[in-house]
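Here is the structure we will look at, set down as structure tokens.
Any value given below was found using the heavy atoms of this structure, including those in side chains, with hydrogens, waters and symmetry copies removed.
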Amino acid sequence: MWAWGLAERAVAGLLGSADAHGGRWNTAVAVGVTAAAGIALVAIVVSSRRGGIKSPWRRRKRKPLLAAKEWRSLFTPEGKLYDGGVKLVKRVRNGGVEPSIRAEVWPFLLGVYSLNSSQAEREAVKEHNRRGYLLLRKHCLRKNSEESQRPNETSGVSHEKSISPGKVKESITSVGSEEQPENGSVEEHILSEEENSSAILQQEIQDKTAKALTENKVDENVCSSSSRDEDESEKSDVTHVEAACNDVASVHQSSVEDEEESMPKYSNSGGNMETENELSKAARPVKSGRAVEDFETWQRIIRLDAVRANNEWVSYSPSQAAVTREKAIESAQAVCLKDYEHLEAHRIHHASRLVAILEAYATYDPEIGYCQGMSDLLAPLIAVLEEDDEAFWCFAGFMRKARHNFRLDEVGIRRQLNMVSKIIKNKDFRLYRHLEMLEAADCFFVYRMVVVMFRRELTFEQTLSLWEVMWADQAASRAGIARSSWGKLRLGAPPTDDLLLYAIAASVLEKRKLIIESYSSMDEIIRDCNNMAGQLDIWKLLDDAHDLVLTLGNRVE
């Protein structure tokens with residue numbers, strides 16, 4: 001109000017000096033000054049409140065979770081989303097997903113299913129994915145068998161026995177949920193094909209063995225007439241039987257190579273279901289002793305990390321927590337897990353699922369393989385998704401963005417840290433200058449947040465909520481929803497593939513006063529960030545992140 005009083009005094013001064021000849025002019029000046037004072041007052045009020053203006057995300061009250069009834073209403077009778085997924089993306093970004101339907105919604109958000117797919121198309125994709133995962137697990141079982149036989153190669157155990165259909169089925173079902181999948185006919189069909197193949201191979205072995213033994217009887221007569229002893233005959237028997245088995249083994253080896261040709265492989269240009277035979281030869285991984293050595297190294301680290309995994313998911317997934325010890329041990333044996341005897345049954349079961357899916361992913365994406373931290377990203381997914389094949393493909397969709405966090409050259413990590421630094425610099429230059437003084441402008445203190453995507457700074461439920469909104473943004477970008485004016489209008493803040501980085505920057509900006517006034521080294525900031533667990537309001541953080549996207553998006557991306 002002081003501005004208004006100042007304007008009144010100025011007007012009074014002008015009017016007081018008016019005479020008979022200049023009254024009209026003075027009145028005009030007074031009106032003009034009054035108008036200017038009003039404009040100044042508005043400007044002062046707006047300026048004083050500028051820092052308090054919130055994004056449209058904050059002005060809107062957070063909507064309730066996407067519930068099962070509303071989720072069903074989003075589909076046409078043919079099973080397609082009515083508006084190409086715009087409403088789904090908007091609802092998830094505004095409020096998240098009800099826990100009971102997360103297993104149905106997540107495959108859409110993670111790109112396993114297209115937002116424009118029909119029910120029939122999704123069933124075909126699901127069958128294709130199930131077969132692909134089965135091939136990956138068979139490959140892992142074969143690797144396990146080769147590793148176990150390497151110290152004792154003369155044990156005489158046949159290769160086919162080590163990858164029998166029973167073990168393959170055990171690795172799919174027992175490592176997964178307690179119940180058989182509802183649409184298990186696909187898996188049964190695959191396994192019946194494997195059983196038929198196994199039966200054919202066994203029949204060939206029996207036929208060729210019988211033939212070899214018959215021939216050997218003739219050899220025995222010849223040997224006896226030539227005064228050869230029985231030891232020579234027995235040796236001949238063994239030699240012919242081994243030759244017959246080797247012939248069948250060579251046939252089986254060729255089938256193994258054909259199988260590996262059709263095994264799913266990660267591709268930058270394709271979707272999650274890209275197969276190796278669809279790639280150019282130059283893009284295929286090189287089969288070498290080094291690749292075998294890497295896989296064995298990945299296996300050891302995977303098993304160590306799996307056994308060390310915590311059990312914070314237990315209250316969230318009671319069905320998996322109720323697994324019996326017998327079932328859990330079967331799961332562990334199916335994936336050759338070791339040193340698990342001290343764990344509770346549910347933790348053994350959980351560790352076995354981690355091993356199965358992470359080994360399959362290391363085979364699927366050998367460029368990345370496995371690095372510590374990937375189990376942190378997978379654990380929440382398998383708590384929600386009870387079928388291993390579905391969990392694997394959702395994880396593969398998640399990793400299409402996250403895989404850059406685990407590159408050995410750390411190019412992806414450096415890009416993300418640089419982007420967080422740019423956001424802070426453009427939003428709060430004073431804070432950025434202070435970070436420069438502390439030699440922390442590279443934002444290395446948020447390294448862990450970037451790598452495991454806030455997993456260790458948030459509770460289990462908060463992690464799921466943050467990731468859902470992040471996946472919804474990525475799904476909108478992937479589907480091109482934000483490219484249309486109508487899509488932008490409905491979504492509010494434009495979606496971005498880097499919402500996580502804006503959220504990380506927002507968490508740092510929230511502590512700007514403490515950083516500027518109290519911290520004198522980057523180590524202090526790192527300690528504060530590492531002790532952030534349980535202190536963050538996830539929805540406020542998302543509001544702040546979307547506010548940064550609105551105000552800075554064009555300047556930092």
Side-chain angles (χ1 to χ4, degrees), residues 57-58 60-72 74-75 81 85-115 272 312-313 315-317 376-386 390-391 393-402 405 449-450 452-479 481-482 490-504 506-507 536-546 549:
W57 287 81
R58 193 182 292 275
R60 289 199 305 265
K61 183 180 179 181
R62 180 194 168 195
K63 293 186 178 180
L65 298 168
L66 174 65
K69 184 176 180 180
E70 184 181 2
W71 164 246
R72 307 281 184 264
L74 298 178
F75 292 90
L81 290 166
V86 174
K87 187 174 182 180
L88 169 63
V89 170
K90 181 182 178 182
R91 286 290 291 107
V92 175
R93 295 175 92 214
N94 281 337
V97 182
E98 188 177 86
S100 64
I101 59 171
R102 276 175 168 152
E104 300 176 51
V105 177
W106 283 7
F108 288 88
L109 302 181
L110 289 165
V112 178
Y113 301 142
S114 168
L115 293 177
N272 291 338
E312 63 178 330
W313 56 271
S315 60
Y316 187 85
S317 184
D376 289 290
L377 303 186
L378 176 59
L381 272 68
I382 65 175
V384 172
L385 301 157
E386 297 192 355
E390 293 180 356
W393 288 109
C394 282
F395 181 64
F398 189 6
M399 286 295 292
R400 292 196 72 81
K401 178 73 176 176
N405 295 355
M449 294 185 196
V450 172
V452 294
M453 300 186 170
F454 265 123
R455 179 66 191 89
R456 298 179 186 176
E457 285 72 34
L458 301 175
T459 65
F460 189 84
E461 180 59 34
Q462 285 180 327
T463 298
L464 301 188
S465 297
L466 173 66
W467 287 1
E468 284 172 348
V469 177
M470 177 179 72
W471 295 338
D473 263 35
Q474 294 170 2
S477 298
R478 190 167 54 244
I481 292 175
R490 293 190 62 183
L491 290 174
T496 173
D497 284 343
D498 294 309
L499 181 63
L500 175 79
L501 304 182
Y502 287 96
I504 291 173
S507 69
L536 295 172
D537 180 337
I538 184 61
W539 290 103
K540 179 182 181 300
L541 188 68
L542 284 168
D543 284 339
D544 292 341
H546 280 114
V549 174

Evaluate side chain to side chain contact (heavy atoms under 4.5 Å, CB included) for Met453 paired with Met470, printing each intermediate quantity in order. CA-CA 10 Å; Met453 300 186 170; Met470 177 179 72; 3.9 Å; yes

On a heavy-atom basis, which atom in [X] and which in [Y] lie closest, and how many Å separate them?
| X | Y | value |
| --- | --- | --- |
| Val89 | Ala476 | CG1-CB, 3.7 Å |
| Met399 | Leu377 | SD-CD1, 4.3 Å |
| Asp544 | Ala506 | CB-CB, 3.8 Å |
| Ala475 | Leu115 | O-CD1, 4.1 Å |
| Trp106 | Leu381 | CZ3-CA, 4.1 Å |
| Ala103 | Val384 | N-CG1, 3.8 Å |

Closer than 3.5 angstrom, by distance alone: can the side chain of [X] be matched with the main-chain N or O of [Y] as a donor-acceptor pair?
| X | Y | value |
| --- | --- | --- |
| Gln462 | Leu536 | yes |
| Arg455 | Phe460 | no |
| Arg91 | Val97 | no |
| Asn405 | Val450 | yes |
| Arg478 | Ser114 | no |

Quiz item: So, are Glu70 and Lys90 salt-bridged, with charged N and O less than 4.0 Å apart?
Solution: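 No, no charged N to carboxylate O under 4.0 Å.
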
Nearest 0.5 Å please: distance from the [atom1] atom of [X] over to the [atom2] atom of [Y].
| X | Y | atom1 | atom2 | answer |
| --- | --- | --- | --- | --- |
| Glu312 | Thr459 | CD | OG1 | 8.0 Å |
| Lys69 | Ile101 | NZ | CD1 | 13.5 Å |
| Ile538 | Leu458 | CD1 | CG | 5.0 Å |
| Glu461 | Leu466 | CD | CG | 11.5 Å |
| Arg93 | Leu499 | CZ | CG | 7.5 Å |
| Trp393 | Leu110 | CH2 | CG | 13.0 Å |

Just do the salt bridge (charged side-chain N to carboxylate O under 4.0 Å, His left out) check on Lys401 and Asp497 with the steps written out, would you? CA-CA 8 Å; Lys401 178 73 176 176; Asp497 284 343; 5.1 Å; no

Taken in chain and number order and not counting sequence neighbours, the residues that satisfy side chain to side chain contact (heavy atoms under 4.5 Å, CB included) with Ala67 are Glu98

Mind checking whether [X] and [Y] have side chains closer than 4.5 Å, heavy atoms only?
| X | Y | value |
| --- | --- | --- |
| Ile382 | Ser317 | no |
| Thr496 | Leu501 | no |
| Ser465 | Trp539 | yes |
| Asp473 | His546 | yes |
| Ser507 | Met449 | yes |

- Message: Is it the case that the ring center of Trp467 lies less than 6.0 angstrom away from the ring center of Phe454?
- Response: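 Ring centroids of Phe454 and Trp467 are no less than 6.0 Å from each other.
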
Per salt bridge (charged side-chain N to carboxylate O under 4.0 Å, His left out), Arg102 is matched among Glu386, Glu390, Glu468 by Glu468

